[in-house]
Amino acid sequence: MSILPTLKERFHAALQGMVDNPAEMVELVRPSQDPKFGDYQANMAMPLKKQLGRPPRVIAAEIIARLDVADLCEKPEIAGPGFINLRLRTDWLVNHLSAAIGDERLGVEPVAQPRTFVIDFSAPNVAKPMHVGHIRSTVIGDSLCRVLRFLGHRVTSDNHIGDWGTQFGMILYGYKNFLDQAAYERNPVEELARLYRLVRKMMDEESSRHTPCAEGQSDDNETSDGTDETSGSAHGVCGLQASGVQAAVLAETAKLHAGDAENRRLWGEFLPNCQDEISRVYRRLGVSFDYTLGESFYHDRLATVVDDLLSRGLARESDGAVCVFFDGMETPAEKGDSPHLPERPEGCCAQMGTVPFFRSETPMIVRKKDGAFLYGTTDLATIRYRMETWRPDAILYVVDHRQSLHFKQLFAAAQLLGYDNVEFQHVSFGTVLGDNGRPFKTRSGDTVGLEGLLDEAVRRALEIVSANDDAKPDGPELSAERRQQIAERVGIASLKYADLSQNRTSDYVFSYDKMLAMTGNTATYMQYAYARVRSIFARGGVDVEALRASGSPITLNAPAERALAVELIRFSEALDSTVVDYRPNQLTAYLFDLANRYSTFFEQCHVLRAETEELKQSRLLLCDLTARTIRRGLELLGIEVVEKM
RNA sequence: GCGCCUGUAGCUCAGGGGAUAGAGCAACGGUUUCCUAAACCGUAGGUCGCAGGUUCGAAUCCUGCCAGGCGUACCA
C-alpha cells in the first residue's frame with residue numbers, strides 16, 4: 001500500500017468520532033516541502049480550531065494521541081501553529097523498498113476502480129507534412145495513455161486524422177494541374193507534399209493580393225483536430241471572394257465530398273501514401289494508436305446527426321444554417337435534474353469536465369447554408385460512435401486551447417443528446433511560440449517541419465554524445481553506429497521532454513537551444529543518471545537477477561541513501577498527481593527530483609567501493625530500484641533510456 | 001463588447017490554501033589519483049502585475065483594475 005493513502009486512512013480513523021468532517025480533514029495530509037519538517041505533514045489542527053474550540057496545538061496533541069502510525073512513522077511532532085510532522089521509520093522504508101525489488105510495478109498498485117478512457121490526440125491533417133504544431137498533442141496524449149494504462153485503466157487511443165478536408169482539394173487541384181509524373185512515381189509522398197506546398201503558396205499569394213488585412217490572418221493556425229486552411233481560403237475573415245485557385249480548390253473538395261468518381265479514386269490513391277508518411281513519423285517518435293478513424297470515416301454519418309438534432313428540437317435553422325443554440329435553451333442542469341455524473345474513483349481522475357450548463361452567444365453550426373457539414377458535426381458523430389462502440393467513462397481531447405469554445409459547445413451539445421454519463425475533457429494546451437511571441441514559424445514564415453526538427457535534435461545530440469565519449473578517462477567506448485543510435489534516442493527524448501515538462505496550459509516559447517539543451521532539467525539528465533547506474537552494474541560485473549533474488553538487506557544510514565529511498569517510494573504519488581489533472585509535467589518533475597537525489601547519492605555514496613560487502617549489496621539494490629523507476633517513468637512519458645551514453 | 005488563458009529571480013518556467021516562494025539557464029566560488037564532471041556542493045538574485053476582500057494562514061480562493069495572448073455563426 002502506498003504511504004500517502006495509508007497515512008490518510010490512519011488519520012481518518014483517528015479523526016472519526018472526534019470531528020464532523022474526517023474525510024475532508026484527511027486531505028490535509030500531504031508530503032512535506034522541506035525535509036526538516038519530516039517526510040509528511042498533517043495540517044488539520046489549525047482549521048479545526050473553530051469546530052473544536054481549542055488551540056490548534058492542543059488539537060494536534062489530541063489527534064496524535066488517537067493516531068496509530070507507530071508502524072510507519074517515528075513519533076509525530078507538533079511544530080509551529082499546530083503542524084503534525086511525520087518522519088517515516090527507516091524499517092518501514094526498507095520493507096517497502098524490499099517489496100518493490102521483486103515487483104514489476106515497483107510497488108505501484110493498479111487502481112481499485114478502473115475506468116474506460118478514449119483519448120483523442122495528435123490528429124494531424126494527413127495530406128501535408130507534420131510540423132511543430134503537432135508535437136504537443138502527440139506527446140502529451142501518448143504520455144497520458146501510457147500513464148492511465150499503467151495505473152490499470154482501460155484506454156483506447158484514437159487518432160482522429162484530418163483526411164477529408166480542404167487539403168485534399170488542394171492536392172487534387174495540384175495533381176490535376178502541376179503534377180510531375182516522374183517524381184510522383186519515384187516518391188509519391190514527396191511529390192504530394194510538393195504539390196500541397198505549391199497550391200498553398202498560390203492560395204496565400206492570391207489572398208494577400210486581394211486583402212490588405214491579410215496580415216496576421218495568414219497564419220497557418222494549425223489546430224490538431226482538423227484542417228488549417230482558414231487563412232486565405234474563401235472563408236477568410238476579410239471577406240475576400242473566392243476566385244481563381246481558391247475557388248478551384250473548393251470545387252475539387254466539394255466534388256470529392258459529393259462522390260465524384262475521379263476525385264474519390266485519387267483520394268483513395270493518395271490516402272495510403274499520406275498515411276505512410278505520418279506512420280513513419282510516429283514510428284520514429286515511438287507513438288502508436290489503437291485506432292485511426294479519421295474524418296472520412298464519419299462522412300456518411302453526418303446527415304443523421306443533423307436530422308436527429310432537428311427532429312428532437314435541439315437544433316434549428318438560422319440564416320439558412322442548422323444551429324444548436326446555447327443562449328437560453330434549457331439544459332438538464334437548468335431543469336433541475338442535474339445530469340448524473342459517474343462517481344469519481346478516489347485519487348484517480350480529474351473533476352468531471354462535462355458542462356452542466358453553458359451559455360454562448362454563438363451557436364454551434366452543424367450544417368452550413370450550402371448544405372456542407374462542419375467539424376462540430378463530425379465531432380458529434382464521433383462521440384456517438386465512440387459511446388456506442390467503447391462505452392467510455394471519459395473521453396479526453398488533447399487539443400490546442402484555442403479550440404476551447406468549440407469543445408464547450410460540443411460537450412454541451414453531446415449532453416443535450418443524452419450523453420451525460422461520461423466525462424468529456426478538453427485537455428487543452430498552449431501554443432508553441434517563436435521568439436517574437438507569435439506562433440512559431442521559420443524565418444520565411446513557413447511552419448517548422450516536424451521531421452526537420454527531429455533531425456536537428458538528433459544532430460545536436462550526436463555532437464554531445466561524441467564529445468562526451470571522446471572525453472571519457474579510459475578513452476572512447478562507443479562505435480559510430482552506437483553513437484548514432486544513442487543520439488537518436490537522446491535527441492528525440494529531449495524534444496519530447498521539453499514539451500512534457502511544461503505546464504500544458506501555458507503557451508511556450510520554442511527555442512532550439514532550450515529544447516535541445518542537454519544539461520539541467522531535461523530528459524538527458526535522467527538518461528545520464530540511468531546510464532551511470534547501469535555503468536556501475538557493468539563495471540562491477542553484477543548479476544542483477546541474482547542481486548534481486550539474494551534477499552540482501554537494504555540499509556539507509558547515509559542521508560543521501562535515505563533521501564533517495566523516500567523519493568523512490570513517491571513514484572505512485574507522482575503518477576496519481578499526473579492523472580488528476582492530466583498533466584505529465586507532474587511526472588517529469590518527480591523524475592527530475594529522483595535523478596537529482598540519485599546524483600547526490602552517486603557523489604556521496606560509493607557503491608562498488610563501499611566499506612563492506614553488505615553495504616555494497618544494499619547500495620546496488622538502491623541503484624537497481626532507481627534505474628527501474630527512471631526507466632519506467634520515462635517509458636510512461638514515451639521516452640527511452642540508453643545503457644551507455 | 002463578451003468569454004477563456006496568462007502575468008512569479010536577468011532569461012525560460014515550476015508551485016495553484018500551509019511553515020523562510022523553488023528549479024533550470026545565465027553570473028560568481030569551490031569539487032575529478034575515486035563507480036560516466038552531460039555531474040556534485042555553495043554564493044548571489046524575487047513587493048509572486050496592482051488594489052481590496054475571505055481565512056488561523058493567500059503567490060495560490062473571491063471581487064475590481066492594469067498588461068499581454070487566444071477565441072467570439074457558417075475553417076478546423
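We use all heavy atoms of the structure for the numbers below, so side chains are in, but hydrogens, waters and symmetry mates are not. Every chain is numbered from 1 and lettered A, B, ... according to where its sequence line falls, protein lines coming before strand lines.
For Leu374(A), the listed nucleotide lying nearest its side chain is rC75(B); candidates were rC56(B), rC75(B), rA38(B). For Thr362(A), taking side-chain heavy atoms from C-beta onward, the closest of the listed nucleotides rU36(B), rA39(B), rA73(B) is rA73(B).
Phosphate contact (OP1/OP2 of rU36(B), side-chain N/O of Arg539(A), threshold under 4.0 Å): present. Put simply, Arg532(A) has a side-chain N or O that comes within less than 4.0 Å of OP1 or OP2 on rA37(B). Close to rA23(B), at under 4.0 Å from its OP1 or OP2, lies no side-chain N or O of Tyr590(A). At the phosphate of rC56(B), OP1 or OP2 sits under 4.0 Å from a side-chain N or O atom of Lys50(A). Side-chain N/O atoms of Asn468(A) include none lying less than 4.0 angstrom from OP1 or OP2 on rA37(B).
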If the sugar-phosphate is the primed atoms plus P, OP1 and OP2 and the base is the rest, what is the B/S/- string for nucleotides 6-18 of chain B, using protein heavy atoms under 4.0 Å? ------SSSSS-B

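Side-chain to base pairing of Asp593(A) with rA23(B): no donor and acceptor N or O lie closer than 3.5 Å to each other. Side chain His401(A) to base rC5(B): no donor-acceptor pair is found below 3.5 Å. With hydrogens and angles ignored, no donor-acceptor pair closer than 3.5 Å exists between the side chain of Lys49(A) and the base of rU55(B).
Just one of Val607(A), Ile536(A), Leu620(A) meets the side-chain contact (heavy atoms from CB on, under 4.5 Å) condition when paired with Val542(A); it is Leu620(A).
Residues Glu477(A) and Arg482(A) are not paired through a salt bridge, judged by the lack of any N-O separation under 4.0 Å between the basic side chain and the carboxylate.
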How does RNA chain B read in dot-bracket, base by base from 5' to 3', with Watson-Crick or G-U pairs under 3.5 Å and | used when the partner is on another strand? (((((((..((((....[...)))).(((((.......))))).....(((((..]....))))))))))))....

